[in-house]
Amino acid sequence: MSPSLISSSFLSLLIFVFLGAISADQASSSSSFSFLGFEHDIASIGLFGGSRFVSGGSTIELSGLAVFNESIRVVQGNPQSLASFSTNFTFSLSGDGFAFAMSPCGVSSNLSGNGRFGLPLGKIRTLGNFLSVEFDASKDRVAIGHSGSHKVRNVSSINLTLNSGRKLQAWIDYEAYSRRLEVRLSKVISPRLSEPLLSDRIDLWEMWDDREVFMGLSSSSRSSNQSCLIHSWSFSMKVVPHWMHSQPLDPNALSEVEAEPLSVHDKKKDCLPKFLAAMIFGASSGALGALCILYLWTIFRNRRPIKPEKIVVGKDKQLLDCEYKKVEVVVVHKAVEDGRLGASEAGT
């Protein structure tokens with residue numbers, strides 16, 4: 001493959017990722033809002049019942065409904081994917097309380113007021129397709145309600161009181177992959193808690209599919225001496241493609257597993273087997289090392305240099321040293337030797 005083709009393919013991939021990030025950011029921004037005060041965003045909030053804007057429009061006095069006018073979809077994309085969302089608001093209570101509610105048919109058209117905090121109740125006294133997070137100041141507790149389920153926890157566990165008139169801040173987070181809804185609550189000056197006050201597993205895809213969903217704040221208080229003030233409200237939603245994340249672990253599944261009882265081990269019983277094992281291992285290692293040393297010593301011992309040997313001669317068994325010398329041997333022909341002997345004899 002040529003370098004130009006590789007570079008063009010890489011550039012195309014970068015452009016695709018960049019455009020996908022821009023489109024995802026635009027989709028998420030269209031489903032998000034942040035109202036630190038409501039004086040500049042009065043047209044985005046619909047008020048029903050006795051609810052009204054106070055303090056120059058910066059605060060909502062909730063005595064009925066406050067509905068965000070635009071709908072959202074928690075199931076989006078092609079292929080479809082469930083979205084995660086987060087909402088948080090600051091409030092102060094000196095009344096019964098209020099609820100954050102989401103409905104696929106529109107909060108304003110379906111809150112009949114026959115249930116607590118103006119939430120609807122069906123024939124079997126359940127919330128149907130409604131999702132609600134209730135802040136019950138009369139009982140000082142927080143509850144998650146959906147499809148007939150109602151999970152409750154008292155705020156006294158985190159040293160708070162709802163019906164005190166002081167500003168509190170609530171966070172509601174939904175994680176799409178684990179289908180887990182978490183609720184956190186703290187004072188305005190305190191940081192966000194790491195552990196949720198209350199959580200529950202909810203499959204919003206099964207509840208709502210890809211229908212449009214409306215959200216709002218609802219209160220059933222109609223008394224003038226009771227107050228429910230909403231000081232700020234924000235919402236954000238994020239749709240993450242399947243290829244960007246693996247399926248995370250569901251923490252609820254871990255909590256269902258029974259913990260094994262802790263057992264105390266007797267250290268004295270464990271010491272004896274360990275000591276014997278160490279002794280056996282040490283003896284084996286020492287024996288193996290000794291064998292290796294003996295084997296090497298035998299090899300190098302047999303390779304020592306050769307020395308003259310001593311020979312025992314006679315009865316007295318005297319030791320004689322023997323040496324090896326190089327001797328030149330001259331062989332003379334017998335006929336030549338006889339001739340030389342004859343000549344020497346004639347001369348004499």
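- For the residue pair Ser234 and Asn88, a side-chain donor N or O sits within less than 3.5 Å of a side-chain acceptor on the partner.
- In terms of the ring-ring contact (aromatic ring centres under 6.0 Å, His included) criterion, residue partners of Tyr174 (sequence neighbours excluded) are, by chain and number, Phe85.
- Checked options Arg192, Lys238, Arg180; the residue passing with Asp173 is Arg192 (criterion: salt bridge (Lys or Arg N to Asp or Glu O under 4.0 Å)).
- In this structure, CG on Leu65 lies 11.0 Å from CD1 on Ile60, to the nearest 0.5 angstrom.
- Side-chain contact annotation: Trp233 with Thr87, donor-acceptor N/O pair under 3.5 Å present.
- Ser92 approaches His231 most closely through the heavy-atom pair OG-NE2, 3.0 Å.
- In this structure a side-chain-to-backbone donor-acceptor pair under 3.5 Å is present from Arg211 to Met207.
- Note on ring orientation: taking the six-membered ring where Trp is involved, the planes of Phe53 and Phe38 are tilted (angle from 30° to 60°).
- Not counting sequence neighbours, the partners of Asp203 by the side chain to side chain contact (heavy atoms under 4.5 Å, CB included) test are Arg179, Trp205, Glu206.
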>> Between Ser86 and Ser236, does the side-chain contact (heavy atoms from CB on, under 4.5 Å) criterion hold? Intermediate values first, please.
In response: CA-CA 5 Å; Ser86 299; Ser236 62; 4.0 Å; yes
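- Between the side chains of Asp136 and Ser138, at least one donor-acceptor pair of N or O atoms lies under 3.5 Å.
- Leu229 pairs in a side chain to side chain contact (heavy atoms under 4.5 Å, CB included) with only one of the listed residues (Thr90, Leu93, Leu62, Thr59), which is Thr59.
- Under a 3.5 Å cut-off, the side chain of Ser51 and the backbone N or O of Leu47 do not form any donor-acceptor pair.
- Between the side chain of Ser285 and the backbone N or O of Phe281, at least one donor-acceptor pair lies under 3.5 Å.
- Distance alone, capped at 3.5 Å, places no donor-acceptor pair between the Arg184 side chain and the Trp171 backbone.
- The distance between the ring centers of Phe98 and Phe91 falls below 6.0 angstrom.
- Side chain to side chain, His146 and Ser132 fail the donor-acceptor criterion of an N or O pair below 3.5 Å.
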